[in-house]
Amino acid sequence: METAIIPVTPITPTDNNDLVSSEVQPNKRRRKKSIVWDHFTVETVGDGCIRACCNQCKKSFAYITGSKLAGTSHLKRHIALGICPVSRQRNQQASDTKTATYEPRKRQRATPGFANIPFNQERCNHEIAKMIIMHEYPLHIVEHPGFIDFARTLQPQFNMVSFNTIQGDCVAMYLNEKQRLLNFINEIPGRISLTLDLRISNQTVGYVFITGQFIDMEWNLHRCLLNVVMVPSPDSDCALQQAVVSCLSDWQLENRLFTLGFDQFFSNVNINQNLRALFSVRNPYMLHGQFLIGNCFARIISLLAQEALWSVGETVKKIRDSVKFVKTSDTHEETFFGLKEQLKVPSMKDIFIDDQTKWNTTYDMLAAACELKQVFLCLETSIPDYNLAPSMDDWKQIEILCTYLKLFFDAVSILTGPTYPNASAFYHEVSKVQLELTHAAMSNDPFISNLTKPLKEKFDRYWSDCFLVLAIAVVMDPRFKMKLVEFSFSRIYGDDAGMWIKIVDDGIHELYLEYIAQALPPPETFVEERNGSIIPEQNGGVILKTEPPEDGYLHEEGYLQEEQTHEAAPQEVSHHEVAHQEDTHHDVAHREVSDQEVVSQGVTHQEEASQEVPSQDPLISIGDGLSDFEVYISEISGSHQMKSELDQYLEESLLPRVQDFDILGWWKLNRTKYPTLSRMASDILSMPFSTVGPDSVFDTERKKMDNYLSSLRPVTLEALICAKDWLQYGGPSQSCEANVKMEF
């Protein structure tokens, strides 16, 4: 209950003097430290009665009555909850004028977990270097006065580093990450594929971005930027070749290169020939150079989209101008959406002006405008100044154009996901584009045929260069194998499909035999002894004994007659001459080793059974009666040629199609069943078909190196760009903790 305030001399709670009443001594610690006393003043209103008066509304509250202390909770609520009318009014005014409010100050308390952490200058330098790399800040940020003041406000003990010091820290971080990645790559069992992308600065200096792609021991796909190589003359015939050689040497990839992908649109004929010659030397020339991929899938699709937009450029300009008319005026936009509500157009899309350096934004703009075409058609009646309305024929052309732009958009969208797709995923998209363009080029509609014929001619060249590699990749998917190739080729080639299917079948078998040949030991590792035994030399090899015992037979532990060894060896490897041998024993050794890779041979007992000495025992069964069964099984096994891993894989039934099927996980589980074929699948499924990153998939212009980066030293430029890629996507290995220090 409120009481009348008696005018007295106010007593400040921070005073150390005694209160007027000697009988009551309020708690001095509370009076000094409670934050409410910024808003209240204590006053003595009678004998043993002290009240707290609000400094703003002058309202009085109980504080001390006799020996009872009321506390300060109700005083806090008066201010914090806006009960005080004066405080509430002032807070509203302060909110409107963006001035400070009268809310009580919160007491700053030290966080127990960070109170005792000592300052670490070296760690701060490391974090600044990481920040610069991750966010592409200029190295000169450490010399900006604003950043220096900000850092010293956070930590007065921090000494801002110099430009040279932070440059050295960035390069040191790059070298640490590079050593981790190098150790990781050295441990992968398979090969690595490279892609080349070229950027040119305003000074016409070229920078070759070399990206590596591979599958590790746990069957995880990795894509890492390996090098950024500066080439003073990007148009020279040997520019890209020198960059590749530098990368192979830098990352110890000699004889480990599987495919080389580049964009032939930025290279001339001589550059292509030099790359092909280099590839034939650094690669076993598998499939006669088919794994030199000279086209970027994202770039070829971008070219098709740009040409389609250019072919109806006037109509596209009408749509763009109409969108600009609406979006550049608040009145026009309000009128436009008012018409949309009146017409009850169900579209949820909003129109926007496209970015002509990204063709997908133009597609999105046209698709949204098509759904709102009724609004544009009626806009002229509401806004007399609007005289840009496209005709119904124009809208029909745009709708047809959007059909094919959507086809292209869906095809390259696999490159924009959080993870890079394996090689088998590209066949579906590429074959679908090829099929649709082939069908559209023969359309009876003159607009559709005229629109798509030039596109088909360009895409035919890409398809002819890459169809074999794409098909081999999809065969490695146990859900499709050769069946999808047969199905799609019959739709694309019609009656001629059989010839193209045979090319794929022959190609994958030829590639498999090359992997078999790689598994065979070289002929010079074996020497022949006088007794006919084949033994390895000092460098190791497979020990294989072919010397028959005295009775002319080799029993149980894999022994058989020498003549039978020649007959039982599979003809598949020898037919393709994977190992040429003049010496008979050398030929036997290689055939036996290939048997371990291609088939699992049983023990042949046919001659043993036929030449056994007749027993005097009247019973015809031997032992438990199953020995004869083992002989029978050996006979029928030896009389039929065993299937290779590839043929066995192709003949097995297809796996059911599931949305989240993990093809790499399937091969990981089946690598013991298909030891040679799984090695081949690992290399094939890691092939890249695009040379650009996810942020450049829809680009209509080639990226340029900006002036800031091109002004840096080559080693610093490479360090900043590569380290960002490794830190952004996470290094594949964190096992190496090498410490490197660089000074400039």
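- A salt bridge does not link Arg299 with Asp699: none of the charged nitrogens is closer than 4.0 Å to a carboxylate oxygen.
- Qualifying ring-ring contact (aromatic ring centres under 6.0 Å, His included) partners for Tyr174, counting only residues two or more places apart in sequence or in other chains: Trp726.
- A tilted orientation is assigned to the rings of Tyr462 and Phe459, their planes being inclined by 30° to 60°.
- Side-chain atoms of Ser201 come within 3.5 Å of backbone N or O of Gln203 as a donor-acceptor pair.
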Which pairs of donor and acceptor atoms, one on a side chain in residues 411-428, lie under 3.5 Å apart (sequence neighbours left out)?
| residue | atom | partner | partner atom | Å |
| --- | --- | --- | --- | --- |
| Ser413 | OG | Phe409 | O | 2.6 |
| Thr416 | OG1 | Ser413 | O | 2.7 |
| Tyr420 | OH | Ser690 | N | 3.4 |
| Asn422 | OD1 | Ser424 | N | 3.1 |
| Asn422 | OD1 | Ser424 | OG | 2.4 |
| Tyr427 | OH | Ser488 | OG | 2.4 |

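- In plain terms, the two heavy atoms of Lys340 and Ser347 that are nearest each other are NZ-O, 3.0 Å.
- The backbone N or O of Asp706 lies less than 3.5 Å from a partner atom in the side chain of Ser710, making a donor-acceptor pair.
- Using a 4.5 Å heavy-atom cutoff, the side chains of Val326 and Glu334 are not in contact.
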Item to complete: List the steps, then state whether side chain to side chain contact (heavy atoms under 4.5 Å, CB included) holds for Arg320 with Gln356.
Response: CA-CA 11 Å; Arg320 183 180 292 116; Gln356 297 184 49; 3.6 Å; yes
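- Listed by chain and number, the residues in a salt bridge (charged side-chain N to carboxylate O under 4.0 Å, His left out) with Glu380 amount to none (sequence neighbours excluded).
- Checking side-chain atoms of Glu718 against main-chain N and O of Val228 turns up a donor-acceptor pair under 3.5 Å.
- Taking CD of Glu136 as the start and CG of Leu709 as the end, the distance is 7.0 Å to the nearest 0.5 Å.
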Discussion item. Test side chain to side chain contact (heavy atoms under 4.5 Å, CB included) on Phe163 and Gln167; report intermediate values, then the result.
Written reply: CA-CA 6 Å; Phe163 173 87; Gln167 182 178 221; 4.0 Å; yes
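- The line from CH2 of Trp463 to CG of Leu435 is 9.5 Å long, rounded to the nearest 0.5 Å.
- With sequence neighbours excluded, the residues satisfying side-chain contact (heavy atoms from CB on, under 4.5 Å) with Lys406 are Tyr363, Asp410.
- Side-chain atoms of Asn220 and His222, non-hydrogen and from C-beta on, do get closer than 4.5 Å to each other.
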Please report, to 0.1 Å, the donor-acceptor pairs under 3.5 Å made by any side chain of residues 143-155, with sequence neighbours excluded.
| residue | atom | partner | partner atom | Å |
| --- | --- | --- | --- | --- |
| His144 | NE2 | His140 | O | 3.3 |
| Thr153 | OG1 | Asp149 | O | 2.7 |
| Gln155 | OE1 | Gln157 | N | 3.0 |

Practice prompt. For the pair Leu685 and Leu221, evaluate side chain to side chain contact (heavy atoms under 4.5 Å, CB included) and give the outcome as yes or no after the intermediate values.
Written response: CA-CA 9 Å; Leu685 294 176; Leu221 180 62; over 6 Å; no
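- The backbone N or O of Asp460 sits less than 3.5 Å from a side-chain atom of Ser464, completing a donor-acceptor pair.
- Ile663 and Asp477 get closest at one heavy-atom pair: CD1-CA, 3.5 Å.
- The side-chain heavy atoms of Met230 and Leu717, taken from C-beta on, include no pair separated by under 4.5 Å.
- A pairwise comparison of heavy atoms in Ile133 and Met173 identifies CD1-SD, 3.8 Å as the closest pair.
- The closest side-chain heavy-atom distance from Val231 to Val205 is not below 4.5 Å.
- When all heavy atoms are compared, the tightest approach of Ile319 to Pro390 is CD1-CG, 3.4 Å.
- Side-chain contact between Leu470 and Ser431 is absent, with no heavy-atom pair separated by less than 4.5 Å.
- For Phe158, there are no ring-ring contact (aromatic ring centres under 6.0 Å, His included) partners at least two apart in sequence or on another chain.
- Taking the side-chain hydrogen bond (donor to acceptor under 3.5 Å, both in side chains) definition, one finds that Tyr708 meets it with nothing, sequence neighbours left out.
- You'll find the side chain of Ile166 reaches within 4.5 Å of the side chain of Asp169, heavy atoms only.
- Every residue two or more places apart in sequence or in another chain that forms a side-chain contact (heavy atoms from CB on, under 4.5 Å) with Thr700 is listed here: Gln306, Thr357, Trp359.
- What you find for Thr335 and Ser382 is that their closest heavy atoms are CG2-CB, 3.8 Å.
- Ile210 has its side chain out of reach of Thr195: every pair of non-hydrogen atoms, C-beta onward, lies at least 4.5 Å apart.
- The ring-ring contact (aromatic ring centres under 6.0 Å, His included) test applied to Tyr386 returns Phe325, not counting sequence neighbours.
- For the pair Glu127 and Lys130, the salt-bridge criterion is not met [side-chain N within less than 4.0 Å of a carboxylate O].
- The two atoms that bring Met687 and Ser193 nearest to each other are CA-OG, 4.2 Å, heavy atoms only.
- Legend: side-chain hydrogen bond (donor to acceptor under 3.5 Å, both in side chains) pairs involving residues 387-402, not counting sequence neighbours, sorted by first then second residue: Thr315-Gln397, Lys318-Asp394, Lys373-Glu399, Ser391-Asp394.
- Using a distance-only test at 3.5 Å, with no hydrogens or angles considered, a donor-acceptor pair links the side chain of Thr381 to the main chain of Cys378.
- Here Asp197 contributes atom CG and Phe209 contributes atom CZ; the two are 7.5 Å apart, rounded to the nearest 0.5 Å.
- Here the OG atom belonging to Ser329 is positioned 8.5 Å from the CD atom belonging to Glu333, to the nearest 0.5 angstrom.
- For the atom pair CD of Glu701 and OG of Ser696, the computed distance is 12.0 Å after rounding to the nearest 0.5 Å.
- Between Leu366 and Leu309, some side-chain heavy-atom pair lies under the 4.5 Å cut-off.
- For Asn450, the side-chain contact (heavy atoms from CB on, under 4.5 Å) criterion is met by Pro446, not counting sequence neighbours.
- Shown here are the side-chain contact (heavy atoms from CB on, under 4.5 Å) partners of Ile200, two or more places apart in sequence or in another chain: Leu198, Pro234.
- The main-chain N or O of Phe487 is found under 3.5 Å from a side-chain atom of Ser490 such that the two form a donor-acceptor pair.
- Counted by atom type alone, Thr361 and Asp354 present zero donor-acceptor pairs between their side chains at under 3.5 Å.
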